[in-house]
Amino acid sequence: MSSTSLTFGCNEVLALIEELKINSTMATLNLESNSIGDSGAQALAEALKINSTLTTWNLQNNSITDGGAQALAEAIKTNSTLIMLNLAGNSIRHTGALALSVAFLTNTTLTTLDFQNNSIGDSGAEVLALALTVNSTLRSLNLQGNWIGYNGAWALAEVLKTNPTLTTLNLSDNLIGDNGAQVLAEALKTNSTLTTLMLGEDSTGDSGNSIGDSGDSIEDSADSIGDSGAQALAEALKTNWTLTTLMLSGKSIGVEGAQALAETLKINSTLTTLGLHSNNFGISGANALAAALRTNSTLTTLKLGGNQIAVTTSMALSVALKINPTLITLDLESSLIGEYGCWALAEVLKTNPTLTTLNLGDNLIGDNGAQVLAEALKTNSMLATLRLHKNSIGDDGACVLAETLKINSTLTTLHLENNSICYEGLLALSEAVKTNSTVVTLDLQDNFLQNKTALEFSQALKTNSTLTTLNLQNNLVFYKGHVRSTEALNATWTRDSYGDDPFMEEIAQEFYQALKFNVYEGNGLQSLSKALKTNTTLTSLNLQHNSIGDNGAQLLAAALKTNSTLATLKLAGNSIGSDGAQEFAEALKVNSSLVTLDLQYNPIGDNGAQLLAVALKTNSTLTTLDLWDNLIGLIGTQALAEALKINSTLTTLYLQKNSIGDNGAQALAEALKTNSTLTTLDLCGNLIGLTGTQALAEALKINSTLTTLYLQKNSIGDNGAQALSEAIKINSTLTSLNLESNLIGGHGAQVLVEALKTKSALMTLHLQNNKLGDDVTLLQEQMSEETRRMVEL
């Protein structure tokens with residue numbers, strides 16, 4: 001028996017814990033993002049003292065503070081089966097780290113500890129280091145994002161000199177600086193077990209909703225190691241023969257640091273992965289690294305993106321790749337290589353027998369660059385992932401890539417988002433999808449999709465049996481040789497909207513009709529809907545900002561009633577009203593696969609919210625519902641609040657920029673008193689004043705699952721801040737509270753800061769753009785260093 005990642009209610013968690021006391025088969029327990037808090041952790045710890053089969057505990061993002069960590073530590077002292085413990089994203093500080101460190105002194109089974117994104121600081125790192133002087137089983141330690149500075153790095157470095165077991169150490173997103181890097185480098189000269197050292201991970205990733213700003217990230221200047229840190233590490237690698245992975249992305253390494261690392265690569269025979277994304281070494285540093293690849297025979301992954309290496313280095317790399325026998329991943333994103341640099345790399349791809357992943361995103365390679373790559377892919381039999389996003393590729397480039405997809409049998413992932421591909425190019429790609437049997441992910445976000453091409457992709461999905469992800473977000477309409485965004489064409493068009501421009505008048509009139517009856521109402525969306533009814537591979541569909549309207553929503557909702565694989569559906573900005581919301585509500589009553597539904601920027605209103613609320617009372621799979629800016633008022637909010645009293649799966653609800661007011665906030669507050677699954681609630685910009693804030697504060701005194709609450713851009717004032725400060729002192733799960741732009745004065749800010757001095761779980765408090773005036777300086781002087789890290793003024 002094993003556990004997958006599920007969201008449980010409070011009663012379900014307690015029942016599961018009781019089961020653990022007698023269960024003799026379960027090996028993995030995954031309670032990620034269930035907000036079990038300290039009380040849940042304490043109950044779980046009691047069960048774990050008895051259980052003798054569990055080897056993996058995943059307790060990530062559960063609002064566990066020092067109290068819960070102490071209870072778990074007691075269980076770990078006697079437990080003899082635990083191998084992996086994940087406590088990432090909780091609110092554990094020095095006291096919790098100390099308790100766990102003591103437990104590790106006697107524990108003889110734990111091999112992996114993930115502690116990232118807590119706040120243990122130097123003192124927490126020091127006690128963990130002390131435990132490692134005795135512990136002989138821990139192999140992997142992740143301390144990313146823990147406000148660890150030089151002292152913590154020094155303590156860990158001292159342990160590395162003698163520790164015989166640790167193989168992986170992650171100290172990314174901390175404050176160790178160049179001095180911290182130097183002491184770690186010194187330790188590497190004698191350490192003979194560490195294989196992976198991460199001091200800076202890549203910050204690139206897929207885009208998504210950005211709801212608020214956590215404010216937790218550490219400033220680049222405080223997290224850099226510079227040339228001196230890189231040189232020290234390079235020197236250590238000349239004698240170290242065990243390290244295989246070194247991640248130094250975003251560490252302000254210049255030419256001298258890159259050259260030092262390059263010289264080391266010429267003689268080092270163990271390093272396989274080197275991450276240098278987003279540093280400052282430019283062409284000279286990159287050329288030195290390229291030259292090192294000519295003789296290096298161990299490196300398999302090299303990340304050089306974000307360093308503006310230009311055409312010269314591309315050519316140097318192409319020469320090196322003709323000789324190098326090992327490199328399989330090369331990241332050159334945002335490197336200014338252009339079409340000529342692309343040509344040099346394409347020539348290598350025709351014969352290179354090792355490279356499987358190539359990232360050339362944001363390099364302005366254009367159609368010519370795409371064409372030379374397509375030609376190379378006709379003979380290349382190794383490349384599996386190709387990223388060409390943001391490259392000014394048009395129809396010509398897309399067409400040749402499509403022809404290649406009909407022949408190539410190895411490519412599985414192709415990213416073409418943020419290009420200029422129009423009808424001909426997208427049509428060609430849809431034709432290629434019909435016969436291609438290897439591509440799993442195709443990203444066409446931010447191109448120029450037409451209704452006809454939507455139809456063709458729908459037809460392709462009927463026969464394609466491999467594609468699992470197709471991204472069509474933010475596509476534009478190509479009209480009579482001109483490009484205009486559907487967002488720019490208002491459905492309530494008037495002549496005054498576009499002045500005397502006859503072209504704009506003509507196109508606006510046509511789009512007014514199209515939007516009235518939905519741009520995708522025709523065969524395009526209808527065929528897509530039909531394809532979804534039978535498709536068994538697609539898990540994510542992004543149709544944001546395509547103006548499908550209520551009729552389009554009806555077609556998609558009909559497909560959801562029978563589709564059993566789609567987990568994510570994004571429909572932001574699609575002119576969907578209450579009728580469309582009704583269709584989705586009916587679908588949610590029977591659908592058993594959808595996990596995320598994004599309806600932001602749609603005018604569903606109170607009626608639509610009421611209909612969705614009814615569906616939430618019976619739906620058992622949806623975890624995220626985004627109703628940002630949906631014209632929802634009091635009635636709709638009350639309906640959603642009633643649903644939250646019953647629903648046991650929803651963990652995230654976005655209601656930003658509606659008009660729920662104090663009464664709506666009161667309704668949600670009542671729901672929060674009994675709801676046991678919601679972890680994130682966004683009420684930004686909702687006309688909430690003192691009464692609504694007081695109600696929410698009272699709910700927070702009882703609620704034990706909510707971890708993130710967005711209340712920015714309301715009018716809570718000092719009295720509202722006072723109410724929330726009292727709640728913070730009692731609440732044991734809330735880790736992030738955003739009160740930006742809320743008319744809070746010095747007194748309100750003062751009581752909130754004072755509340756943080758208690759055993760509050762809160763780790764991030766946003767107070768920017770309030771009425772603090774000169775009180776900001778006074779508050780900063782009164783706050784401890786730890787508190788200053790938590791509060792954004």
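Residues Leu711 and Ile688 form a side-chain contact, since some pair of their non-hydrogen atoms from C-beta on lies under 4.5 Å apart. Side-chain contact between Leu724 and Leu700 is present, with heavy atoms from C-beta onward closer than 4.5 Å. At least one side-chain heavy atom of Leu627 sits less than 4.5 Å from a side-chain heavy atom of Leu625. Side-chain contact between Leu734 and Thr707 is absent, with no heavy atoms from C-beta onward closer than 4.5 Å. Side-chain contact between Leu72 and Leu87: present, with at least one pair of heavy atoms (C-beta onward) separated by less than 4.5 Å. Residues Leu571 and Ile576 are in side-chain contact: their nearest non-hydrogen atoms beyond the backbone lie under 4.5 Å apart. Contact of the Leu156 side chain with the Leu143 side chain is registered, since non-hydrogen atoms from C-beta on lie closer than 4.5 Å. Between Val102 and Leu100, every side-chain heavy-atom pair lies at or beyond the 4.5 Å cut-off.
Partners of Ser172 by side chain to side chain contact (heavy atoms under 4.5 Å, CB included), not counting sequence neighbours, listed by chain and number: Gln144, Asn170, Met198, Glu201. Looking at residues two or more places apart in sequence or on another chain, you find a side chain to side chain contact (heavy atoms under 4.5 Å, CB included) between Ile635 and Asp606, Gln610. Shown here are the side chain to side chain donor-acceptor pair (under 3.5 Å) partners of Asn769, two or more places apart in sequence or in another chain: Glu740. The side chain to side chain donor-acceptor pair (under 3.5 Å) search around Asn602 returns none, not counting sequence neighbours. In terms of the side chain to side chain contact (heavy atoms under 4.5 Å, CB included) criterion, residue partners of Asn86 (sequence neighbours excluded) are, by chain and number, Asn58, Gln60, Met84, Ala88, Asp114. Considering only residues two or more places apart in sequence or on other chains, Glu46 meets the side chain to side chain contact (heavy atoms under 4.5 Å, CB included) condition with Lys49. Annotation: ring pair (Phe, Tyr, Trp, His ring centres under 6.0 Å) contacts of Tyr150 (sequence neighbours excluded): none. Not a single side chain to side chain donor-acceptor pair (under 3.5 Å) links Thr652 to another residue, sequence neighbours left out. For Ser334, the side chain to side chain donor-acceptor pair (under 3.5 Å) partners two or more places apart in sequence, or in a different chain, are Asp362.
Between the side chain of Asp682 and the backbone N or O of Tyr654 there is no donor-acceptor pair closer than 3.5 Å. Although no hydrogens or angles enter the test, the distance criterion places no donor-acceptor pair under 3.5 Å between the side chain of Asn174 and the main chain of Ile176. No donor-acceptor pair closer than 3.5 Å links the side chain of Asn471 to the backbone N or O of Asp443. A donor-acceptor pair is defined here as one N or O able to donate and one able to accept, closer than 3.5 Å; no such pair exists between the side chain of Asn142 and the backbone of Leu113. Proximity of a side-chain donor or acceptor of Thr621 to a complementary backbone N or O of Leu594 within less than 3.5 Å is detected. Thr624 places no side-chain N or O within 3.5 Å of a backbone atom of Thr596 that could act as its donor or acceptor partner. In this structure, Asn146 contributes its side chain and Ser119 its backbone to a donor-acceptor pair below 3.5 Å. Remark: the backbone N or O of Leu31 is paired with a side-chain donor or acceptor of Asn62 at under 3.5 angstrom. Of the possible donor and acceptor atoms, one in the side chain of Asp122 sits under 3.5 Å from a partner among the backbone N and O of Gly149. Of the possible donor and acceptor atoms, one in the side chain of Asn542 sits under 3.5 Å from a partner among the backbone N and O of Gln544.
Considering all non-hydrogen atoms of both residues, Val127 and His94 come closest at CG1-CE1, 4.1 Å. In terms of heavy-atom proximity, Ala153 sits nearest to Ile148 at N-CG2, 4.0 Å. Minimum heavy-atom separation, Ala129 to Ala155: CB-O, 3.6 Å. Pairing each heavy atom of Gln656 with each of Cys684, the nearest pair is NE2-SG, 3.1 Å. When all heavy atoms of Ala667 and Ala641 are compared, the closest pair comes out as O-CB, 3.4 Å. The two atoms that bring Thr705 and Ser63 nearest to each other are O-OG, 4.5 Å, heavy atoms only.
Evaluation of the salt bridge (charged side-chain N to carboxylate O under 4.0 Å, His left out) test over residues 57-74, restricted to residues two or more places apart or in two chains, returns Glu74-Lys77. Residue pairs satisfying the salt bridge (charged side-chain N to carboxylate O under 4.0 Å, His left out) criterion with at least one member in residues 651-661, sequence neighbours excluded, are absent.
For the atom pair Gln722 CD and Leu690 CG, the distance stands at 11.0 Å (nearest 0.5 Å). Considering CD of Gln768 and CD1 of Ile744, their distance stands at 11.0 Å, rounded to 0.5 Å. The distance from atom CG of Leu696 to atom CG of Leu709, rounded to the nearest 0.5 Å, is 6.5 Å. Between atom NE2 of residue His545 and atom CD of residue Gln445 there is a gap of 9.5 Å, rounded to the nearest 0.5 Å. Here Leu541 contributes atom CG and Thr469 contributes atom OG1; the two are 10.0 Å apart, rounded to the nearest 0.5 Å. Between the CG atom in Leu681 and the CG atom in Leu672 there is a gap of 6.0 Å [rounded to 0.5 Å].
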Practice item. Mind running side chain to side chain contact (heavy atoms under 4.5 Å, CB included) on Thr65 and Ile92 for me, showing each step along the way? Key: CA-CA 5 Å; Thr65 68; Ile92 301 169; 5.9 Å; no

Exercise for review: Could you walk me through whether Leu739 and His766 pass the side chain to side chain contact (heavy atoms under 4.5 Å, CB included) test, one step at a time?
Suggested key: CA-CA 5 Å; Leu739 299 178; His766 289 270; 6.0 Å; no

Exercise for review: Start with the C-alpha distance between Asn675 and Leu650, add both sets of side-chain angles, then the distance that settles side chain to side chain contact (heavy atoms under 4.5 Å, CB included), and finish with yes or no.
Suggested key: CA-CA 10 Å; Asn675 179 280; Leu650 202 70; over 6 Å; no

Practice item. Walk me through it: do Ile76 and Leu82 pass the test side chain to side chain contact (heavy atoms under 4.5 Å, CB included)? Key: CA-CA 8 Å; Ile76 290 170; Leu82 183 66; 4.1 Å; yes

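Evaluated for a side-chain contact (heavy atoms from CB on, under 4.5 Å) with Thr637, the options Asn658, Leu683, Ile632, Asn663 yield exactly one hit, Ile632.
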